[in-house]
Structures are given as structure tokens and as C-alpha cells.
S.K.: 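I'd like to ask some things about the structure below.
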Amino acid sequence: MNKKLLTFISDAFEPYGDFPSRKEVETELLANLTAKYDDLRAEGKSDEEAYKETVESFGDVTEIMTQVHESKDAPNPETDKRFRMSDMENTDLSGAKLSNFDFSMSSLAGTNFDGADLRGAKFKASALNGASFVGADLSDANFAASDMQNANFTKANMAKTKFTSSAFKGATFTGAVFDHTVFKTCDLENLNLNGVIFRGTVFDKTSCKDTTFDGAVFEDVTFHHSDPRKAIFAGAKMDKITYAGLKGMKANLEGVTVA
């Protein structure tokens, strides 16, 4: 089944060619899909049923890549495309004014964006593994099919930031702001999100297996088509609406404080 899922992912990306983060994102998506398939099989679903539900849960990958490969020539006076499709690994852009810049399909591994103004910036199909965004303003930024493994988002402002089908293994989010942030078809497995405040955050078709939320605060947070049952919420504080939603999804809420 692993081979069949890999073929599905490869076929979804095939029409869009190669891009810096493709291999890493495909690997993360495969791990996420495989885990979901195994969970469905453990619930008693047949091979066919489990595969169908797994694929349907990530059925918008081609839609994501269509957004990534939007026309480079489309006029958009508000977007600066000078860094699109660039090789800028380990570049120091700390404190730079980069609002509305387009870094799509660029190699940015190890790049330093600490304290940078990245409001409305685009990072679509970008390789950002090991990049640092400490204290950066990423409000309204857009990440799609990007590799952000081991990236550092400590104290970053991610209000209304949208993350779609991106890899976060080993990423750090200490003190980050998640105000109406959207995680769609992302893999957040095993991440430490302890002490983070989530306000109006949306987890859509996102895996939170073994993700820890000790000391985290949830206000009007939605888990849409996600499976929070294996997330670790012990020590978290949440409002009644968020609590009720998670309870209805059979999440383990032992040790959670309801405000």
C-alpha cells in the first residue's frame, strides 16, 4: 500500500514538474497518508475503503500545486517577484523589509529572516529547511507545498498566515502568534506546541498525531476534517466551544482546563 500511496502523490505532483521542496514534501505527505491509512485499517476498514478515504482526505493536492504554478506573468503590482525561483541558501535577510515579496519555488535552506517584515509574502514550493524566522512578521503570508523542517518560528507573528501541504518536522514555534492562522493538509506530527496561544486557528485535514499542547491556550479553534484523537492536550486551556468540538471528535481531553 505504501507504493500505491507514493504513486498517488507522485501523479498529483507530476504535471507541475520539479521544485526545490518537492522531494521533502512528498516524503512528509507519504508519511502522513500512510499513518492515516493504517489508522483506518485499525478501525476495521477494508484495504479499498481505507485507501479511498485516505486519498480523499488529501484530494486537493493538485489544487495546491495549481496555485503554486500560477502564471508568473500575471500582473500584480502588489507583489515583488525579484526572488522568485532563486537560490538563496544561507542568505542573511534579517530585519529586511520584504512585505509582499514572492519567494516561490526558491531554495532558501538556512536563510536568516529573523525580525524581517514578511507581511503578505509568498513561499510556495520553497525549500525552507533550517530557515530562521525568529521575531519575523509573517502575517498574511502564504506557504504551500513548502519544506519547513527544522525551521525556527520563535516569537514570529503568523496572524492570518496560511500553511498548505507543508512539512514541519523539527520546527520550533515557541512564543509564536497563531491568530486566525490556517493549517491545511499539513503534517504537525510530534511537534512541540506547548504554551502557544491559538485564536481562531483552523486545522483543516491536518495531522496532529503525538503533537503536544501542554500549556497552550485555545480560543475558538477549529479542527475541520482532522483527527485530534492522538494529539496530547493535557495541560492546555480552552474555551467551551473548542472543548465541545474536540470532545465530539473523541479527542483525549484529560488534564484540560475549560475557561
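Positions are given from 1 along the sequence.
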S.K.: Do you know which two heavy atoms are closest between Leu188 and Cys208, and how far apart they sit?
M.R.: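 Residues Leu188 and Cys208, closest heavy atoms: CD1-SG, 4.4 Å.
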
S.K.: Which residues satisfy the salt bridge (charged side-chain N to carboxylate O under 4.0 Å, His left out) test with Lys155, sequence neighbours excluded?
M.R.: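 Here no residue qualifies.
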
S.K.: Run the salt-bridge test on Lys81 and Asp102 with the 4.0 Å N-O cut-off and return the result as yes or no.
M.R.: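 Yes, Lys81 and Asp102 are salt-bridged.
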
S.K.: Can any side-chain N or O of Ser99 pair as donor or acceptor with the backbone N or O of Leu118 at less than 3.5 Å?
M.R.: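 No, Ser99 side chain to Leu118 backbone: no donor-acceptor pair under 3.5 Å.
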
S.K.: Report the residues that fulfil ring pair (Phe, Tyr, Trp, His ring centres under 6.0 Å) with Tyr243, sequence neighbours left out, ordered by chain and then residue number.
M.R.: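 Counting only residues at least two positions away or on another chain, Tyr243 forms no ring pair (Phe, Tyr, Trp, His ring centres under 6.0 Å).
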
S.K.: Measure the OH-CG distance between Tyr37 and Asp47 for me, rounded to the nearest 0.5 Å.
M.R.: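 With rounding to 0.5 Å, OH (Tyr37) is 3.5 Å from CG (Asp47).
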
S.K.: Once rounded to the nearest 0.5 Å, what's the spacing between atom SG of Cys186 and atom CE of Met148?
M.R.: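 Reported to 0.5 Å precision, the distance equals 6.5 Å.
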
S.K.: Could you tell me the separation between the OG1 atom of Thr242 and the NZ atom of Lys237, rounded to the nearest 0.5 Å?
M.R.: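 It is 15.0 Å, given to the nearest 0.5 Å.
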
S.K.: Under 3.5 Å, side chain of Thr185 to main-chain N/O of Lys205, donor-acceptor pair present?
M.R.: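 It does not hold such a pair.
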
S.K.: Over 60° means perpendicular and under 30° means parallel, so tell me whether Phe113 and Phe123 are parallel, tilted or perpendicular.
M.R.: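 If you compare the ring of Phe113 with that of Phe123, the planes turn out perpendicular.
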
S.K.: Set out, in order, the CA-CA distance, both residues' side-chain angles and the distance that settles side chain to side chain contact (heavy atoms under 4.5 Å, CB included) for Asp204 and His225, then state yes or no.
M.R.: CA-CA 6 Å; Asp204 184 5; His225 293 305; 4.3 Å; yes

S.K.: Can you establish whether the number of heavy atoms outside Arg41 located under 6.0 Å from its atom CZ is more than 12?
M.R.: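 Above 12, so yes.
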
S.K.: For Lys247, which residues count as a salt bridge (charged side-chain N to carboxylate O under 4.0 Å, His left out) partner, sequence neighbours excluded?
M.R.: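 Per chain and number, Lys247 pairs via salt bridge (charged side-chain N to carboxylate O under 4.0 Å, His left out) with no residue.
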
S.K.: Between Thr154 and Asn152, is there a donor-acceptor pair closer than 3.5 Å when you use the side chain of the first and the backbone of the second?
M.R.: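 Judged by distance alone, no pair lies under 3.5 Å.
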
S.K.: Could you tell me which residues satisfy side-chain contact (heavy atoms from CB on, under 4.5 Å) with Asn112, sequence neighbours excluded, listed by chain and number?
M.R.: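 Asp92, Ser94, Asp114, Ser132.
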
S.K.: With a 4.5 Å cut-off on side-chain heavy atoms, are Glu53 and Lys45 touching?
M.R.: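 The answer is yes, as the side chains (C-beta and beyond) meet within the 4.5 Å cut-off.
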
S.K.: Decide yes or no on side-chain hydrogen bond (donor to acceptor under 3.5 Å, both in side chains) for Asp214 and Thr212, but give the supporting numbers first.
M.R.: CA-CA 6 Å; Asp214 186 15; Thr212 61; over 6 Å; no

S.K.: Only pairs under 3.5 Å count here: list side-chain donor-acceptor contacts from residues 248-259, not counting sequence neighbours, and write none if there are none.
M.R.:
| residue | atom | partner | partner atom | Å |
| --- | --- | --- | --- | --- |
| Asn252 | OD1 | Glu254 | N | 3.1 |

S.K.: Any salt bridge linking Asp187 with Lys209? Criterion: basic side-chain nitrogen under 4.0 Å from a carboxylate oxygen.
M.R.: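 Lys209 and Asp187: not salt-bridged.
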
S.K.: Start with the C-alpha distance between Asp179 and Arg199, add both sets of side-chain angles, then the distance that settles salt bridge (Lys or Arg N to Asp or Glu O under 4.0 Å), and finish with yes or no.
M.R.: CA-CA 5 Å; Asp179 189 350; Arg199 294 191 178 95; 5.6 Å; no

S.K.: Has the side chain of Ser139 got a donor or acceptor atom that lies under 3.5 Å from a matching backbone atom of Asn157?
M.R.: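 Looks like no, no N/O pair under 3.5 Å.
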
S.K.: For the pair Phe233 and Phe218, name the ring-plane relationship: parallel under 30°, tilted 30 to 60°, perpendicular over 60°.
M.R.: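 Geometry flag for Phe218 against Phe233: perpendicular rings.
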
S.K.: In the hydrophobic clustering (ILVMFWY, side-chain contacts below 4.5 Å, transitive), which residues join Val182, or is it alone?
M.R.: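 Members other than Val182 - counting any ILVMFWY side chain reachable under 4.5 Å - are Val202.
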
S.K.: Any side-chain heavy atom of Phe103 within less than 4.5 Å of one from Arg84?
M.R.: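 Of all side-chain heavy-atom pairs linking Arg84 with Phe103, none is under 4.5 Å.
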
S.K.: Kindly determine whether Arg229 and Asp39 satisfy salt bridge (Lys or Arg N to Asp or Glu O under 4.0 Å), including the steps that lead there.
M.R.: CA-CA 11 Å; Arg229 291 176 297 175; Asp39 286 344; 5.9 Å; no

S.K.: Can you list the residues that meet the side-chain contact (heavy atoms from CB on, under 4.5 Å) rule with Thr91, with sequence neighbours excluded?
M.R.: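 So Thr91 forms a side-chain contact (heavy atoms from CB on, under 4.5 Å) with Met88, Leu93, Thr111.
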
S.K.: What residues form a side-chain contact (heavy atoms from CB on, under 4.5 Å) with Asn90, not counting sequence neighbours?
M.R.: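 Asn90 satisfies side-chain contact (heavy atoms from CB on, under 4.5 Å) with no other residue.
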
S.K.: Should Leu108 and Leu98 be counted in the same cluster of Ile, Leu, Val, Met, Phe, Trp and Tyr side chains packed under 4.5 Å apart?
M.R.: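 Yes, it is one cluster - the side chains of Leu108 and Leu98 are joined through contacts under 4.5 Å.
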
S.K.: Which residues end up grouped with Val134 if you chain together Ile, Leu, Val, Met, Phe, Trp and Tyr wherever their side-chain heavy atoms are less than 4.5 Å apart?
M.R.: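 Val134 shares its hydrophobic cluster with no other residue.
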
S.K.: Same cluster or not: are Leu246 and Leu193 linked, directly or through other Ile, Leu, Val, Met, Phe, Trp or Tyr residues, by side-chain heavy atoms under 4.5 angstrom apart?
M.R.: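 Both belong to a single hydrophobic cluster.
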
S.K.: So, taking the atom named OG in Ser166 and the one named CG in Leu128, what distance separates them when rounded to the nearest 0.5 Å?
M.R.: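 Atom-to-atom, Ser166:OG and Leu128:CG are 8.5 Å apart.
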
S.K.: Check Ser106 against Ser86 and note the closest heavy-atom contact, atom names and distance.
M.R.: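 Smallest heavy-atom distance, with atoms named: OG-N, 2.9 Å.
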
S.K.: For the pair Asp239 (side chain) and Asp220 (backbone), establish whether a donor and an acceptor sit closer than 3.5 Å, ignoring hydrogens and angles.
M.R.: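 Yes: the side chain of Asp239 pairs with the backbone of Asp220.
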
S.K.: Angle between ring planes, Phe203 versus Phe223, binned at 30° and 60°: parallel, tilted or perpendicular?
M.R.: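 The arrangement is parallel - the two ring planes meet at less than 30°.
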
S.K.: Going by the rule salt bridge (charged side-chain N to carboxylate O under 4.0 Å, His left out), which residues pair with Asp140 if we only count those two or more places apart in sequence or in a different chain?
M.R.: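 Scan of Asp140 (salt bridge (charged side-chain N to carboxylate O under 4.0 Å, His left out), adjacent residues dropped) gives none.
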
S.K.: Measure the shortest side-chain to side-chain distance between Val196 and Phe213 over non-hydrogen atoms and say whether it is less than 4.5 angstrom.
M.R.: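 Side-chain contact under 4.5 Å: no.
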
S.K.: To the nearest 0.5 angstrom, please state how far the CG atom of Asp147 sits from the NZ atom of Lys169.
M.R.: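 That separation rounds to 11.0 Å.
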
S.K.: Could you work out, with salt bridge (charged side-chain N to carboxylate O under 4.0 Å, His left out) as the rule, every residue matching Glu89, not counting sequence neighbours?
M.R.: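 Listed in chain order: nothing, the list is empty.
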
S.K.: Could I get the full list of side-chain contact (heavy atoms from CB on, under 4.5 Å) partners for Thr161, not counting sequence neighbours?
M.R.: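 For Thr161, the residues satisfying side-chain contact (heavy atoms from CB on, under 4.5 Å) (neighbours in sequence not counted) are Leu138, Ala141, Phe143, Met158, Phe163, Thr181.
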
S.K.: Is the backbone N or O of Asp87 less than 3.5 Å from a side-chain atom of Ser107, with the two atoms forming a donor-acceptor pair by type?
M.R.: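 Here the side-chain-to-backbone pair does not exist.
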
S.K.: Measure the NZ-NZ distance between Lys122 and Lys162 for me, rounded to the nearest 0.5 Å.
M.R.: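 The NZ atom of Lys122 sits 12.0 Å away from the NZ atom of Lys162.
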
S.K.: Where the side chain of Glu49 meets the backbone of Ser46, is there a donor-acceptor pair that is under 3.5 Å apart?
M.R.: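 A pair under 3.5 Å: yes.
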
S.K.: Just by modelled atom types, is the Phe178 backbone N or O under 3.5 Å from a matching donor or acceptor in the Thr201 side chain?
M.R.: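 Yes.
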
S.K.: Going hydrophobic residue to hydrophobic residue with side-chain gaps under 4.5 angstrom, can you get from Phe168 over to Val177?
M.R.: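 Cluster IDs for Phe168 and Val177 differ.
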
S.K.: What is the ring orientation for Phe173 with Phe183, classed by angle as parallel under 30°, tilted 30 to 60°, or perpendicular over 60°?
M.R.: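 Answer is perpendicular, since the angle exceeds 60°.
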
S.K.: Hey, are the side chains of Thr211 and Leu191 touching, using non-hydrogen atoms and a 4.5 Å cut-off?
M.R.: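 Side-chain contact under 4.5 Å: yes.
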
